[in-house]
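Every chain is numbered from 1, with letters handed out A, B, ... down the list of sequences. Here the structure is a predicted model, which means the values were calculated and not measured.
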2 protein chains.
Amino acid sequence: MRHSAIRKSFEEFLRERDLKLTPQRIRVFERAFGTHEHFSAEEFYSWMRQEDGPRVSRATVYRTLALLVEGGFLECLDTGSGETLFEHVVGHRHHDHLVCSECGRIEEFFDEEIEMRQQAIAEKFGFELETHSMRLFGLCPSCRREARRAAAD
Amino acid sequence: MRHSAIRKSFEEFLRERDLKLTPQRIRVFERAFGTHEHFSAEEFYSWMRQEDGPRVSRATVYRTLALLVEGGFLECLDTGSGETLFEHVVGHRHHDHLVCSECGRIEEFFDEEIEMRQQAIAEKFGFELETHSMRLFGLCPSCRREARRAAAD
DNA sequence: ATAAGTGCAAAGAGTTTGCATGTTC
DNA sequence: GAACATGCAAACTCTTTGCACTTAT
């Protein structure tokens, strides 16, 4: 989906729910879709303070990010570090994450076979599968090298 | 592994690290292995207050649960609700979780094929896989029935 | 004796909320 | 102008920490 189409569907989403299109919501939306990074709410708020544009308070950042998740524009990705990370999902294919347990680096991957087995498992238990979260934790290539170097001393 | 053997390995673990076997640690250990439930630290602390035994403070609950995780006796399972859940893992085969997004009910499963693909994916990215967390979210059988009933009205 | 453990209360993250004020539709 | 949104600061939840005191080894 192109950016303009996503933006349209965001405006549509607001209209459907009788929510208003405010400068703050526009800015949060645009910024969230203007990055390919994963970000935390606090990080996002710091971008709001540093960059130009309509002032957006911390409360509005939290409220708007939650709204975007509800609307299915963003997804939460929780790395186990206490803070929730967000990433945009509309216009992107579903994927899961590899997280470096040392430096936090994140890689994305998708595996058709795993997706199918997940569906089969949910069915076996009588669950209606909605979403899933899969994170693989381990040492990324550079942290492995680092670890080997340290071990050699 | 039998309970007594796990208890022995816990005592061994403490000895190795020059940690002391205190009444608090014994009580936390026994209680954690005396349940098959998943529990949060706060929940666990409330058990400590309600049930009989040596007094254990909130700080000690947090410290000791973390210690048990380090020792590989417990594992964290983070359901995305903000609080960390624990479950004992020694004497239990590795498994992943199906979580009901409505009532929070948790089912455990294990899939050899998925485990193998995870390993393969990590290798493809040059990661040294340490652990993973996979949670499937959806409606459990009884919440599905509930939802259907509500929709029928 | 000594190193480690405990409880307490205070501090810290990250996140949510009540309320008065401001804005969109 | 009515309903909704925002900013602010205070509140909240979960978790961690500094410190004086206690205990296992």
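- Two end axes, each from the C1' atoms of five base pairs, can be drawn for the helix from C/dA1-D/dT25 to C/dC25-D/dG1; they diverge by 30°, to 10 degrees.
- Across all their heavy atoms, A/Glu87 and A/His38 have their closest contact at OE1-NE2, 2.8 Å.
- For the pair B/Arg58 and A/Ala59, nearest-nucleotide mapping onto DNA chain D gives the more 5' position to A/Ala59.
- For B/Tyr62, there are no ring pair (Phe, Tyr, Trp, His ring centres under 6.0 Å) partners two or more places apart in sequence or in a different chain.
- Remark: A/Glu30 engages A/Arg7 in a salt bridge (charged side-chain N to carboxylate O under 4.0 Å, His left out) (not counting sequence neighbours).
- A distance of 6.0 Å or more separates the ring centres of A/Phe110 and A/His95.
- Partners of B/Phe10 by ring pair (Phe, Tyr, Trp, His ring centres under 6.0 Å), not counting sequence neighbours, listed by chain and number: B/Phe29, B/Phe73.
- On the nucleic acid side, DNA chain C contacts chain B at distances under 4.0 Å to non-hydrogen atoms, with the end points of that region at C/dA3 to C/dC8.
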For nucleotides 3-6 of chain D, which of its nitrogen or oxygen atoms have a protein nitrogen or oxygen under 3.5 Å away, and what is each distance?
residue, atom, partner, partner atom, Å
D/dA3, N3, A/Lys20, NZ, 2.7
D/dC4, O4', A/Lys20, NZ, 3.4
D/dA5, OP1, A/Lys20, N, 3.2
D/dA5, OP1, A/Arg25, NH1, 2.5
D/dA5, OP1, A/Arg25, NH2, 2.8
D/dT6, OP1, A/Thr22, OG1, 2.7
D/dT6, O3', A/Gln24, NE2, 3.4

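- Sorted by first and then second residue, the salt bridge (Lys or Arg N to Asp or Glu O under 4.0 Å) pairs with a member in residues 35-48 of chain A read A/Glu42-A/Arg58; sequence neighbours excluded.
- Applying the ring pair (Phe, Tyr, Trp, His ring centres under 6.0 Å) rule to B/His132 yields the partners B/His94; only residues at least two apart in sequence or on another chain are considered.
- Near DNA chain D, meaning a heavy atom under 4.0 Å from it, residues 41-54 of chain B has B/Ala41, B/Glu42 in order of number.
- Note on A/Ser40: nothing from the nucleic acid sits closer than 4.0 angstrom, heavy atoms only.
- For the residue pair A/Glu115/A/Gln119, the side-chain donor-acceptor check at 3.5 Å is not satisfied.
- For the pair B/Glu107 and B/Arg105, the salt-bridge criterion is met [side-chain N within less than 4.0 Å of a carboxylate O].
- Residues passing the salt bridge (charged side-chain N to carboxylate O under 4.0 Å, His left out) test with A/Glu146, sequence neighbours excluded: A/Arg149.
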Validation: residues 19-26 of chain B side-chain donor-acceptor distances under 3.5 Å, sequence neighbours left out:
residue, atom, partner, partner atom, Å
B/Thr22, OG1, B/Arg25, N, 3.1
B/Gln24, NE2, B/Arg55, O, 3.4
B/Arg25, NH1, B/Lys20, O, 2.7

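- The salt bridge (charged side-chain N to carboxylate O under 4.0 Å, His left out) check on B/Arg63 picks up nothing, with sequence neighbours excluded.
- A salt bridge links A/Arg15 with A/Glu12: the closest approach of a Lys/Arg side-chain nitrogen to an acidic carboxylate oxygen falls below 4.0 angstrom.
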